[in-house]
Amino acid sequence: MRGGGLKSCFTNSKKYDFQRWFLIRNGQLLYMKRNNGNSMNDSSQQQSSYSVMISDLRLCTIRPSNDNDRRFVFEIISPNSSHLLQADSQIECDQWINSLQLAITNLFKSSDNGNANSFASLPRMFSDDRPNTFLTAKVEIKQQMIKDKIEYVRSLTGNEKCCDCDADEPEWASINLGILLCVNCGGAHRGLGVSLSKVRSLHMDTWDLETLIVMSELGNTVVNSIYEAHLSNDMKKPNAETDALTRRSYIEAKYVQKAFLRSLPASNQMRSSTRTIKRWSVMKSSISTANTGNENDDDTSHTLKVNNRQLLTRRLTAPSDNDTTTDNPPAIWNMNIYLYEGARHRNVPMMLHALALGADKNFFNEHDHGRTPLIQTILSRSIAAAEFLLTNNAKVNLADEDGRTPLHYATPLANKGRGPIILLLKRGADPLLKDHNGIDACSLSMTIGDPDVITWYRLIALHEQMKQEDADAEKTYISILDDPVYMKEIARTPSFS
Ligand SMILES: [Zn+2]
C-alpha cells in the first residue's frame, strides 16, 4: 500500500444525528460542522473550526457496529465514551474502519521508534480481534491478486527466458517495456536510465495491479517482435554467459540506437492490421497452436503480433463504437498518428512500437479536437493502454483544445466502469482543473451522481488544501483507492477487444 498511512489527515462525512466533516490528524479525530457545499473551498474557515472528538486514537478500539437499525455504522470506543458513526455506503464504512486502524497502527509504530511520548507503553483499553482480522483479510486479498497477476505475467510466451539473453527464469522486469530480464540484463537496463527502462524485481519490489496489467499485454515475444525485428543472422544475441561489456553494448544497440527496430508500417497496412484486431477478438477461443513463428516477414503481422496465451485469455468482446471508422485509414500518417490509433484500438504493442519509433506521448491531435493519446485510451476505456502511457511519462492532466482533461472524459463514463477514474486519480489527476467553459471534473461528478466518485474528488480537493497547511499530509486517498474493491474494478475494465 502506498501513501504511508493516515497520520496526517483524512476527511469524510458522517450522517447520524447531523452531518459533519471528520478528519484524522496528529493522532486525533477532529470534526467540523458542514455549513454548505461551498465550505470546502474555504480553508481558513476549516483551520479554525475543527473540534476534537477523540484526543488520542491510540486509546481507542474501532469496530463495525452491531446496530441492526442503521446500516454502514462503525463504533469508536475510547476509555471515556463510545461513538457511533455512520457512513454513506458500506464501502465508505469499510474505508473508515480501515483508515482509523491504519492511523492507530502508525501511531504505535512511531511510538516504538521513540518519536512519541509515554502513551506508548499504555495497553489498548479494549481489545477486540475483529478489526485486525478485517484489516488483515483485505491485505491478503490484495496480495493474492498481485501474486496471481505476477504468475500470469511469468506464464506469457517468451517470458520463461530473459528478453535480451535467453537466460532461464528471469526474475527482473522492465515495467515500461513490459519484458522480463535476468539479473545481468536487468543491471544493464538500469544503466540505460529510467526514461528508457524502469527495472523492478518480481519478488523483492512492491507491485501495482495496474503495472501488471500492462505487463500482461506485452511480454518478451511480443516486444522482441518489435525491438528485434531486423536482427540479422550474423548478429548474435548474448547468452547467460556473455561478458558484461558485450551484453551492455547489445542492449544499448537494441534500446538506445534501436538498431533492430521494426519500421513504421505504411498507413494502408493499418487497414489490414486493425481488421486483424477484430478478427482476433472472435478467434480467441478457437486458437490452439502457438503463433510465434518468424516465417512471415510482413511488417504488419509482426507489429501486431500477440502471443497465443494472450489470445486465449482475453475476453471475447464485440468491437466498440470506437472501431466504427476502423476501415478508413487516417489521411495523415506518421508515428504520432500511429500511437494515437494504437490508443484508440487499445493496442499496447502498437503503442510500444510507436513510442520506440519516437512518437510524442503527449501528442496533441489537431485533427481530432486536440485530444491526446491518453484521452483516447480513456475513451476506449483501456486501463492497460492508459497505464502504459502514464508509465512512459505521459502527462495525466494534459487537456484537449477545449481545456478538457482525461478526467473530464473519464467522469461521465463512470457508469461503464470506474477503473479509468481510479487509475487517473492514483496517477495524480486533478479534479479541480476547469475546461474553457469553467467546468471541472468535480462538478461533472455531481451530475453523474456516483457517491464514491464524488467522495474521491472531494477528498482529493480537500487533501490539496491540507497539504498547504500541513507539510506532513500524505496522499491518503491513494491508500483508499488501493482497496481490493477498487482493484477488482480495475481488473474488470477491458484492456483489449
Ligand atoms: Zn539476460
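Just follow the structure's listing: the first ligand is 1, and inside any ligand the first atom is 1. Heavy-atom basis, side chains included; hydrogens, waters and symmetry copies ignored.
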Practice task
Flag the pair R262 and E228 as a salt bridge only when some basic side-chain nitrogen lies within less than 4.0 angstrom of an acidic carboxylate oxygen.
Solution key: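 No, this pair does not count.
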Handout entry: Side-chain ion pair, R247 and D164, N-O less than 4.0 Å
Key =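 No.
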Handout entry: Partners passing side chain to side chain donor-acceptor pair (under 3.5 Å) against T372 (at least two apart in sequence or in another chain)
Key =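 Here no residue qualifies.
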Exercise for the section: Check the side chains of K254 and N224 for a donor-acceptor pair under 3.5 angstrom, ignoring hydrogens and angles. Expected result: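 Yes - a donor-acceptor pair under 3.5 Å links their side chains.
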Practice task
Sorted by first residue and then second, give each salt bridge (charged side-chain N to carboxylate O under 4.0 Å, His left out) pair with at least one member in residues 386-409; sequence neighbours left out.
Solution key: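 Counting only pairs at least two positions apart or across chains, the salt bridge (charged side-chain N to carboxylate O under 4.0 Å, His left out) contacts touching residues 386-409 are E387-R427.
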Problem - Test side chain to side chain contact (heavy atoms under 4.5 Å, CB included) applied to Q257 - qualifying residues, sequence neighbours left out - result: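 In terms of side chain to side chain contact (heavy atoms under 4.5 Å, CB included), with neighbours along the sequence ignored, Q257 is linked to E252, A253.
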Practice task
Using a cut-off of 2.8 Å, find all protein N, O or S atoms closer to the Zn ion (ligand 1) than that distance.
Solution key: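 Protein N/O/S atoms under 2.8 Å of the Zn ion (ligand 1): C162 SG, C165 SG, C182 SG, C185 SG.
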